[in-house]
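Only a predicted model underlies this, so the values are computations on that prediction, with no experimental measurement involved. For this chain, numbers begin at 1 and follow the sequence in order. For the numbers below, each heavy atom of this structure counts, side chains included, while hydrogens, waters and symmetry mates do not.
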Amino acid sequence: MHTALSALLCLTGAITSLAHGDHDHAKVDPWNDHYANTPDLSFSGVASFAHLPHVKCLDKPDQAYDIALLGVPFDSAVSFRPGARFGPYALRSGSRRQRPDRGYSSRLEVNPYTNGLYVLDCGDVPVTPFDPATAIKQVKAGYKSILHHPVVNEEEMKRLHMQKGLDGKYHPRIIALGGDHTIVLPILDAVSEVYGPVSVIHFDAHIDTWNPNRYVGSVSLQADVNHGTFFWHAYENGYIKPNSSIHAGIRTRFSGPQDLDDDITAGFDLIHTFDIDDYGVDWIAEKIKARIGNGPVVISLDVDVMDPSIVPATGTPESGGWTSRELRRIIHSLVGLNVVAFDVVELSPAYDTQAEISAIAAADMVYDFLSILALGVDEEKVKAGVRQVDEL
């Protein structure tokens, strides 16, 4: 009896030791023995933007950051080709060759990932695809929540002359990854609550200030809110500062002069896509800055501002657009402006090539936006209308 009990106790102890890993055998871990802490390569790892840390910030109200990348996968208000709900996924995929430890720009002389502002991929706003009215409310709620998270480096934001909100506090800067362009209406709603009415630099082939009273397809109050009318609604709701916004890259067709009259009423000036041939990049940059001044500005980039030969993956392509190189030179020349928010929209990866040329180009625009934020606001040069980066 005693022998049997002893054997049982020994067996129990052995099982317990094995369960807790307490045994005499050496731990088998060849990966960490030889390759510990090897970073993911451009083609490996979970797809966050530029391999940045990823947190679902909407579920963590106390998560701090200085710059948030926020996906908004909504495309329930498009007029032609759908698919931009997959834009956030495509932008992250297109950014795979970017990474914080290889993010230095020899052109702008900055690495936006390591320059003092904490950048975080905050995941997506999980909007419903079945109810556009509710989805727009969800975008507003999600964006507003992300905008009111705490910042990490308040002193760095102060050094960069970033503007505080009307509440006297620093708020994170958000780069929204769309999504169709309708998402900018709730974004402007949330941003204007923090900073007051803002100016807009709008890169697009289309003006998106169409008066819904004359817009084809506006058959109901809900249909009046879409990716071609959202700026008109933003104007009517007072989100946009009067006579201080500008379109760049426009080349669409119009119903008639009344569309351009409505555009002026909504507070916009216009740069045509062909102006780059007549006047050049410098002229475009100077006209944008002269229009915007030193107030808070939102930069909204529809990828269809680029030619379809460069970016085929968009919902309403128009021939005769700018190249990615031309667009990036214009964006670089906007360093120093008082930018409080960015977005990249209308990327529909179903129409991209297998080489992801649209997604890569769009992700590089996000990198340029991050660089603008990292270089900060130059109050004196903004007021004087002088470029921060020479010879762009």
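Salt bridge Lys287/Asp275: absent, no basic N to carboxylate O contact under 4.0 Å. Using a 4.0 Å cut-off between charged nitrogen and carboxylate oxygen, Glu318 and Arg253 count as a salt-bridge pair. Remark: Lys140 engages Glu193 in a salt bridge, criterion side-chain N to carboxylate O under 4.0 Å. A salt bridge is defined here as a Lys NZ or Arg NE, NH1 or NH2 lying under 4.0 Å from an Asp or Glu carboxylate O, and Arg329 with Glu326 fails to meet this definition.
With a 6.0 Å radius and a threshold of 12 heavy atoms from other residues, nucleotides or ligands, Phe86 has its CZ atom at or below the threshold.
Defined by atom type and a distance below 3.5 Å, a donor-acceptor pair is missing between the side-chain atoms of His332 and Ser371.
Using a 4.5 Å cut-off on side-chain heavy atoms (C-beta onward), Asp343 and Tyr143 make no contact.
A distance of 13.5 Å separates CD1 in Ile310 from OG1 in Thr314, rounded to the nearest 0.5 Å.
Residues near Val78 contribute nothing to a hydrophobic cluster around it, because no ILVMFWY side-chain heavy atom sits closer than 4.5 Å to its side chain.
The only option from Arg251, His206, His181 that meets the side-chain hydrogen bond (donor to acceptor under 3.5 Å, both in side chains) definition with Asp304 turns out to be His206.
For residues 275-312, the set of pairs meeting the ring-ring contact (aromatic ring centres under 6.0 Å, His included) definition, not counting sequence neighbours, comprises Tyr279-Trp283.
For Lys56, the side chain to side chain donor-acceptor pair (under 3.5 Å) criterion is met by no residue, not counting sequence neighbours.
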